[in-house]
Amino acid sequence: MSSIVGFFKRNYAAFISPPTPRNADDSSATSPPLKFGILGAAAIAPAALIIPAKSHPEVELYAVAARDISRAERFAKKHGIKKWYGGQDSYQKLLDDPAIDVVYNPLPNGLHYEWTMKALAAGKHVLLEKPSGDTAEETRRMFSLADQKGLVLLEAFHYRFHPAILRVKAIIDSGELGPIKEVNATLAVPKGVLDSVNDIRMNYDLGGGAMMDCGCYPLSCVRYLASSNPSAVTSATAVRYPKDPRIDIGTTADLTFPSSTPGGQPVRSTVKCTMSNSPRFGFIPKPEINVRAVCESGSIELFNFVMPVIYHYITVKPDGGIPRTEKAYAFKGDGGKGEEWWTTYRHQLEAFVDKVKGRAPQTWMSAEDSIANMEWIEKIYEESGLGSRPQSTYVFPTL
Ligand SMILES: NC(=O)C1=CN([C@@H]2O[C@H](COP(=O)(O)OP(=O)(O)OC[C@H]3O[C@@H](n4cnc5c(N)ncnc54)[C@H](OP(=O)(O)O)[C@@H]3O)[C@@H](O)[C@H]2O)C=CC1
Ligand SMILES: O=C1OC[C@@H](O)[C@H](O)[C@H]1O
């Protein structure tokens, strides 16, 4: 019963009404807020930034830009954003606003590179949606420019900041279950949520495709838990979108990772994604969001590694030992920041602001990690026969 009440309380605070930040007694509130500008009135912006910002004392949602001014105005008023820019030059106008410290870039994947480069050139820190670009070369260039300019750039792989995945990684790294032998992860979004013809995910020129959209998560997750990059893609099969066969509706890829023990067998891995998972019994929506590692002396599984605040469980099965189930809605007794109702995005925002403010974030995701994820997305597309998404034609003036 208490867990049902907990479920509703946690999700109400997470997604509907987050507690407002303490001010008087919160030392972090004495630091001036960072002014954020949002490029595009994107569907993901409320969950990924606007709601998390409500409980962060050092974030001010300052401006939004949208190609249509009335859309920009509606979005700004709905979300209590002070300023809006509209029209075809609205994104550049937002970047030219000297008051803005940070740009959130939730544009379609194919526009990530151009607008992140322009934002960095304008001296803004950037929180960039996943996947970071269309190609690893784009990702390399963005991080290189951020480095040159001394600015923070983060690919918004929000799941990596939540205590649930960090707990799974800690259990694997503790050696309790022995060296990892196999690690598999899936993100399958129910049919009807993403697969409409007008969705950006179905548009090849905008960097569409399941491996880009959903597949980037399980790939990132297996790389993270294996503490390594794959050594090879041994097979990759794509289910092609009939209206545009360059788009994968879903992809399954088999990978190998170097052995975690000297002279041992390679670690096996399967990464699966689909943007159109068929319903159970023909009508019950079926999300699949899990990661499972099999180790020399046991196994571990996390159900819902992408949105763990809603509900998740970690099942640990030591060989010959007693299986247990853990929950990790918050860090326990290890000085970690956050509340049970903090979403992955809220944890990510905390880390991002810490980094911009020059404080050590609790968790971070490196440039090398983002670059490697794109490299392996491209290798999987190559193996499936679909090929990489088209590299941006935008030419950065000083490169
Ligand atoms: N972190 C997460 O959990 C999630 C991340 N994402 C990522 O966020 C990004 C945006 O996804 P989502 O919010 O679902 O997408 P939307 O289609 O809702 O938003 C994309 C925005 O891009 C702008 N845009 C600019 N040019 C174009 C164009 N040619 N065609 C279409 N839109 C254009 C639009 O802005 P305007 O208002 O100016 O018209 C639109 O608001 C993607 O990179 C996706 O991978 C998505 C969902 C979840
Ligand atoms: O980032 C995302 O996370 C969840 C998926 O449903 C969505 O398509 C994707 O863009």
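Both counts, for ligands and for their atoms, begin at 1 and track the order of listing. Any value given below was found using the heavy atoms of this structure, including those in side chains, with hydrogens, waters and symmetry copies removed. On a predicted model such as this, the values are computed, not experimentally measured, just so you know.
Closest to atom 8 (O) of ligand 2 among all protein heavy atoms lies D213 OD2, 2.5 Å. The protein atom (non-hydrogen) at minimum distance from atom 5 (C) of ligand 2 is V189 CG2, 4.1 Å.
Short contacts between ligand 1 and H158, defined as distances under 4.0 Å to a heavy atom of the residue, involve ligand atoms 1 (N), 2 (C), 3 (O). Near I44, with a cut-off below 4.0 Å to any heavy atom, the atoms of ligand 1 are 2 (C), 3 (O), 4 (C), 5 (C), 8 (O), 13 (O), 46 (C), 47 (C), 48 (C). Less than 4.0 angstrom separates some heavy atom of L194 from each of these atoms of ligand 2: 8 (O). Taking a cut-off of under 4.0 Å to the non-hydrogen atoms of Y217, the atoms of ligand 2 that pass are 1 (O), 2 (C), 3 (O). Near N109, meaning under 4.0 Å from one of its heavy atoms, ligand 1 places the atoms 42 (C), 43 (O), 45 (O).
Taking each heavy atom of W376 and P230 in turn, the nearest pair found is CZ2-O, 3.0 Å. Of all heavy-atom pairs between N304 and H312, the closest is O-CB, 4.0 Å.
Contact annotation: R201 has at least one heavy atom less than 4.0 Å from an atom of ligand 2. Judged by the shortest distance from any of its heavy atoms, P106 lies inside the 4.0 Å radius around the atoms of ligand 1. The shortest heavy-atom distance from F75 to ligand 1 is not under 4.0 Å.
Within the 4.0 Å heavy-atom criterion, the part of K130 lying near ligand 2 is the side chain and not the backbone. The side chain of E129, and not its backbone, has at least one atom closer than 4.0 Å to an atom of ligand 1 (non-hydrogen atoms only; side chain from C-beta on). Neither the backbone nor the side chain of V193 has any atom closer than 4.0 Å to an atom of ligand 2 (non-hydrogen atoms only).
Each of K355, K337, R359 was scored for a salt bridge (charged side-chain N to carboxylate O under 4.0 Å, His left out) with E350, with one residue passing: K337.
Geometrically, ligand 1 and A156 share no nitrogen or oxygen pair separated by less than 3.5 Å. The shortest N or O to N or O distance between G40 and ligand 1 is not below 3.5 Å.
Side-chain contact between M307 and I289: absent, with no pair of heavy atoms (C-beta onward) separated by less than 4.5 Å.
Remark: aromatic rings of H158 and Y217 are close, center separation under 6.0 Å.
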(message) Please evaluate residues I165 and T344 with respect to the criterion side chain to side chain contact (heavy atoms under 4.5 Å, CB included), reporting the C-alpha separation (whole Å), side-chain torsions for both, the decisive distance (0.1 Å), and the verdict.
(response) CA-CA 10 Å; I165 193 69; T344 50; over 6 Å; no
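Side-chain contact annotation: E114 with S392, donor-acceptor N/O pair under 3.5 Å absent.
A donor-acceptor pair is defined here as one N or O able to donate and one able to accept, closer than 3.5 Å; such a pair exists between the side chain of S259 and the backbone of Q265.
Each of W342 and W364 belongs to its own hydrophobic cluster when Ile, Leu, Val, Met, Phe, Trp and Tyr are linked at side-chain heavy-atom distances under 4.5 angstrom.
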